[in-house]
There are 2 protein chains.
Amino acid sequence: MKTIGKLAKELNISIETIRFYERQGLIEQPLKPESGYRMYGDALTSQLKFILKAKALGFTLKEIESLMSLSDSCADIESMGLQKLNLIRNKIADLQRLEKVIQDMTDSCKANQDPQSCPVINSLK
Amino acid sequence: MKTIGKLAKELNISIETIRFYERQGLIEQPLKPESGYRMYGDALTSQLKFILKAKALGFTLKEIESLMSLSDSCADIESMGLQKLNLIRNKIADLQRLEKVIQDMTDSCKANQDPQSCPVINSLK
DNA sequence: ATAAACTCCGTACATAAGTACGGGGTCAAT
DNA sequence: ATTGACCCCGTACTTATGTACGGAGTTTAT
């Protein structure tokens with residue numbers, strides 16, 4: 001059993017973040033003995049680790065809540081994954097389009113002879 | 001000269017958005033005759049169009065403010081573009097890594113035989 | 001001339017994911 | 001027994017980009 005400070009240090013997050021997840025309903029409020037201090041055991045610790053790993057995968061807190069509530073239904077998890085995959089691929093495609101536009105922009109700057117008139121600015125006008 | 005409502009409709013944004021850009025200092029407050037109503041001419045209209053186009057390119061309002069203040073210095077614009085390009089490429093790379101992780105996840109779901117234990121959830125635990 | 005539509009201003013609310021603060025109680029060490 | 005470190009709670013603040021609201025004044029149409 002550890003206090004919130006130890007747990008926060010162990011997980012490399014802030015105390016406030018843990019309290020925040022609790023307020024959001026992602027984790028339960030742990031037992032608080034006479035002192036009123038939260039005491040964390042292994043269950044809550046690994047639940048928090050779960051949250052942090054899922055967050056690193058790009059899931060939002062709301063999605064993580066779903067992930068945890070789905071318990072172990074593999075089909076549901078797979079479907080969330082596929083959905084996420086779709087989002088990611090769309091985002092990549094968007095960014096690649098953007099990349100091309102901005103690449104063209106800077107190219108035209110490089111090719112520009114007149115330093116007083118920027119083709120990018122002109123094209124936006 | 002048009003009122004804010006006409007302008008908003010013309011640009012397909014809301015009145016509030018125009019007032020918001022004004023508050024943010026992106027555009028000047030236009031002349032307001034006796035009535036107290038904002039009246040917009042061509043200059044402000046094209047400035048707003050500029051903002052909307054730049055926003056569509058993925059520039060933030062803060063960056064757009066810079067873009068407009070740089071007036072026409074092509075080198076500065078190019079450097080902002082290159083910076084943006086860097087960000088975009090990093091974001092793409094991040095997303096591609098993520099794509100692979102989640103692809104693997106869903107693959108392992110598909111290959112899974114026991115519907116009661118999900119390899120994804122297990123790996124997060 | 002009256003009603004509908006438009007605009008004004010300031011303020012609060014929205015999202016996501018926290019961070020910061022302030023005044024108080026508690027625990028551990030000296 | 002006192003000091004410093006730790007924790008409590010509730011609330012406000014943060015960033016970015018707006019959206020919504022409410023009460024008042026103005027303009028336009030009938």
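Computed from a predicted model, the values in this text were never measured in an experiment. In what follows, every chain begins at residue 1, and chains take the letters A, B, ... in the order their sequences are listed.
The nucleotide range of DNA chain D contacted by chain B, defined by atoms under 4.0 angstrom from heavy atoms of the protein and reported 5' to 3', is D:dA16 to D:dT27.
When rounded to the nearest whole Å, the span between NZ of A:K62 and C1' of C:dA16 equals 9 Å. Rounded to whole angstrom, the span from the CD1 atom of B:I4 across to the C1' atom of C:dC8 amounts to 10 Å. The separation between B:L7 atom CG and C:dT7 atom P is 10 Å, rounded to whole Å. Whole-Å rounding puts the A:R38 CZ to C:dC27 P distance at 15 Å.
Taking only side-chain nitrogens and oxygens, A:T17 comes nearer than 4.0 Å to OP1 or OP2 of C:dT19.
Residues B:G36 and A:L61 both approach DNA chain C. Their nearest nucleotides, taken by heavy-atom distance, put B:G36 toward the 5′ side. Comparing A:E16 and A:K9 by the nucleotide of DNA chain D that holds the closest heavy atom to each, the one mapping nearer the 5' end is A:K9.
Using a 4.0 Å heavy-atom criterion, one finds that A:K55 contacts the sugar-phosphate atoms exclusively. Among the atoms of the strands shown, none is found under 4.0 Å from any heavy atom of B:E34. Residue contacts for B:E63: at a heavy-atom cut-off of 4.0 Å it reaches no nucleic acid atom on any strand shown.
The distance from the OH atom of B:Y21 to the CG atom of B:L48 is 8.0 Å, given to the nearest 0.5 Å. Taking CG of B:L98 as the reference point, atom NZ of B:K100 lies at 12.0 Å (rounded to 0.5 Å).
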Using side chain to side chain contact (heavy atoms under 4.5 Å, CB included), reason through B:E78 and A:N112 one step at a time and then give a plain yes or no. CA-CA 10 Å; B:E78 182 184 0; A:N112 181 32; over 6 Å; no

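The stretch residues 18-26 of chain A touches DNA chain C through A:F20, A:Y21, A:R23, each having a heavy atom within less than 4.0 Å of the strand.
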